[in-house]
Amino acid sequence: MAREIRKVGVVGLGTMGAGIAQVCVQGGVEVVGCEVSAELGERAAERIGHFLTRAVEKGRMEQADRDAAMGRVRLTTELGDLAGCDLVIEAAFEDLDVKRELFAELDRLVGDDAILATNTSALSVTEIAAATERPERVVGMHFFNPAPLMALVEIVRTELTADEVFDAAYAFAERVGKTPIRCHDTPGFVVNRVLIPLLNDCVRVLDEARVTPEDLDKGMKHGAGWPMGPCELVDLVGIDIHIHASEALYAALREPRMAPPPRLVRMAQAGLLGRKTGSGFYTYDE
Ligand SMILES: NC(=O)c1ccc[n+]([C@@H]2O[C@H](COP(=O)([O-])OP(=O)(O)OC[C@H]3O[C@@H](n4cnc5c(N)ncnc54)[C@H](O)[C@@H]3O)[C@@H](O)[C@H]2O)c1
């Protein structure tokens, strides 16, 4: 019988970790969020509070439910405070050494039957798990950005992940309202493995067909039923982030379509990173 997941640790409360913590507390689960400084932790809690307040204002949530959810968030800067967690989801920097160090420490701190999960997008879950003495209790739980709004979570198993752990991670994702899918540890997992080369093709078509970003986006929305055009999407993700993910996939699989298109690299060099810098394929006011 899988142990019931009552308390979840989230390591790193940046873009993804804060969103994952929010998903958990909204799902009725206690969260201990760990950041490198109290200030960063508080900033994340404020972002969660703000998001939930907007949900109340829009009539999507009761004030009492918002307050109860916020009451389930505890902040710390000490990894040791995650000792009583049944599941720890790591969402720290995308750096193998950082993650391996964290997993080795978490392995020493949490109970023997706790599950350790990483939200990595492009690193090997297997290599992260190998930093622990419990690789059978390590999985990938790959949430999508923004985690509170995107339904999908890829539940990623290595060759060593125990079935019971894999099933418990899947069940947990469902319990907090997400739509999980199961896959094995391979570069890009499922969605990024397909989407990244496809977006790179879209960028290359801009030059090949001499089509404008506006027309390409119209094409994919109205001809292929995409909810958002590829140029809008790359701007939203961040051109630097997309390039980084492309490079990681290319390094792992060596398919030319995975290499970042030169046009994107030039945009990044010029500081045109998309929405976050106010301009990418499009310009933004805010
Ligand atoms: N941003 C995305 O679109 C996205 C989507 C899916 C998965 N991911 C993955 O999620 C992870 C986090 O990405 P992000 O975009 O949220 O990054 P981010 O830089 O916004 O947040 C990372 C946070 O981790 C904290 N941190 C670093 N080391 C720590 C430690 N030892 N202890 C506690 N906190 C620590 C940092 O202070 C920072 O606030 C990465 O592995 C990334 O690949 C990102």
Side-chain angles (χ1 to χ4, degrees), residues 3 5-27 29-48 51 69-70 72-148 153-156 158 161 165 168-169 172-173 176 178 185 189 241:
R3 154 169 154 177
I5 294 171
R6 277 169 304 197
K7 196 161 145 195
V8 172
V10 179
V11 182
L13 298 172
T15 307
M16 293 307 295
I20 293 167
Q22 180 184 325
V23 167
C24 294
V25 294
Q26 276 189 269
V29 180
E30 301 282 326
V31 167
V32 186
C34 181
E35 252 299 345
V36 291
S37 72
E39 195 199 335
L40 283 175
E42 273 148 30
R43 218 183 285 167
E46 269 166 35
R47 285 206 307 280
I48 298 172
F51 194 105
M70 288 310 290
R72 288 190 277 270
V73 185
R74 240 186 77 207
L75 299 173
T76 183
T77 55
E78 297 294 329
L79 219 49
D81 288 335
L82 273 56
C85 292
D86 308 301
L87 164 69
V88 177
I89 304 174
E90 170 276 320
F93 299 131
E94 185 75 338
D95 178 304
L96 185 59
D97 291 337
V98 168
K99 292 194 192 285
R100 282 179 55 94
E101 204 172 299
L102 272 169
F103 271 68
E105 215 176 327
L106 286 167
D107 188 28
R108 286 190 290 272
L109 291 168
V110 299
D112 287 346
D113 55 355
I115 297 174
L116 300 179
T118 175
N119 185 49
T120 184
S121 299
L123 299 171
S124 154
V125 179
T126 309
E127 281 184 79
I128 296 168
T132 72
E133 303 281 326
R134 67 175 86 200
E136 71 287 352
R137 302 201 68 76
V138 177
V139 282
M141 288 185 77
H142 186 222
F143 289 77
F144 285 71
N145 186 20
V153 185
E154 293 172 334
I155 309 294
V156 184
T158 73
T161 305
V165 169
F172 179 76
V176 292
K178 294 294 169 192
D185 183 25
F189 310 136
I241 303 274

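Note that the coordinates shown come from a computational prediction; the quantities given were computed from them, not determined experimentally.
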Side chain of [X], backbone of [Y]: donor and acceptor closer than 3.5 Å?
X: Arg100; Y: Glu127; answer: yes
X: Asp86; Y: Arg6; answer: yes
X: Asp185; Y: Thr126; answer: yes
X: Glu154; Y: His142; answer: no
X: Thr76; Y: Cys34; answer: no
X: Glu90; Y: Ala92; answer: yes

*Begin with the C-alpha distance, continue with both residues' side-chain angles, and end with the deciding distance and a verdict on side-chain contact (heavy atoms from CB on, under 4.5 Å) for Ile48 and Met70.*
CA-CA 8 Å; Ile48 298 172; Met70 288 310 290; 3.8 Å; yes
Approximate separation, where rounding is to 0.5 Å, of [X] [atom1] and [Y] [atom2]:
X: Leu123; Y: Ile128; atom1: CG; atom2: CD1; result: 5.0 Å
X: Leu13; Y: Leu40; atom1: CG; atom2: CG; result: 8.5 Å
X: Asp113; Y: Arg134; atom1: CG; atom2: CZ; result: 8.0 Å
X: Asn145; Y: Ser121; atom1: CG; atom2: OG; result: 9.0 Å
X: Phe143; Y: Thr15; atom1: CZ; atom2: OG1; result: 14.5 Å
X: Leu102; Y: Asp97; atom1: CG; atom2: CG; result: 11.0 Å

Once salt bridge (charged side-chain N to carboxylate O under 4.0 Å, His left out) is applied, do any residues pair with [X], and if so which ones, sequence neighbours excluded?
X: Arg43; answer: Glu39
X: Arg74; answer: none
X: Glu94; answer: Lys99

What are the two closest heavy atoms between [X] and [Y], and how far apart are they?
X: Met141; Y: Phe172; result: CE-CD2, 4.1 Å
X: Val176; Y: Gly27; result: CG1-CA, 4.2 Å
X: Phe103; Y: Ala117; result: CZ-O, 3.6 Å
X: Ala147; Y: Met16; result: CB-CE, 4.2 Å
X: Ile155; Y: Ala173; result: CD1-CB, 4.1 Å
X: Val8; Y: Cys85; result: C-SG, 3.8 Å

*Please determine which of Val125, Ile115, Val156 meets the side-chain contact (heavy atoms from CB on, under 4.5 Å) test together with Val139.*
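The residue from Val125, Ile115, Val156 that satisfies side-chain contact (heavy atoms from CB on, under 4.5 Å) with Val139 turns out to be Ile115.
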*Are the side chains of Lys7 and Val32 in touch, meaning some heavy atoms are under 4.5 Å apart?*
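A side-chain contact under 4.5 Å exists here.
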*Within a strict 4.5 Å, meaning less than it, do heavy atoms of the Leu82 and Leu109 side chains meet?*
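When only atoms from C-beta onward are counted, Leu109 and Leu82 do not touch, as no gap falls below 4.5 Å.
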*Determine, stepwise, if the pair Glu136 / Val165 fulfils side-chain contact (heavy atoms from CB on, under 4.5 Å).*
CA-CA 8 Å; Glu136 71 287 352; Val165 169; 5.9 Å; no
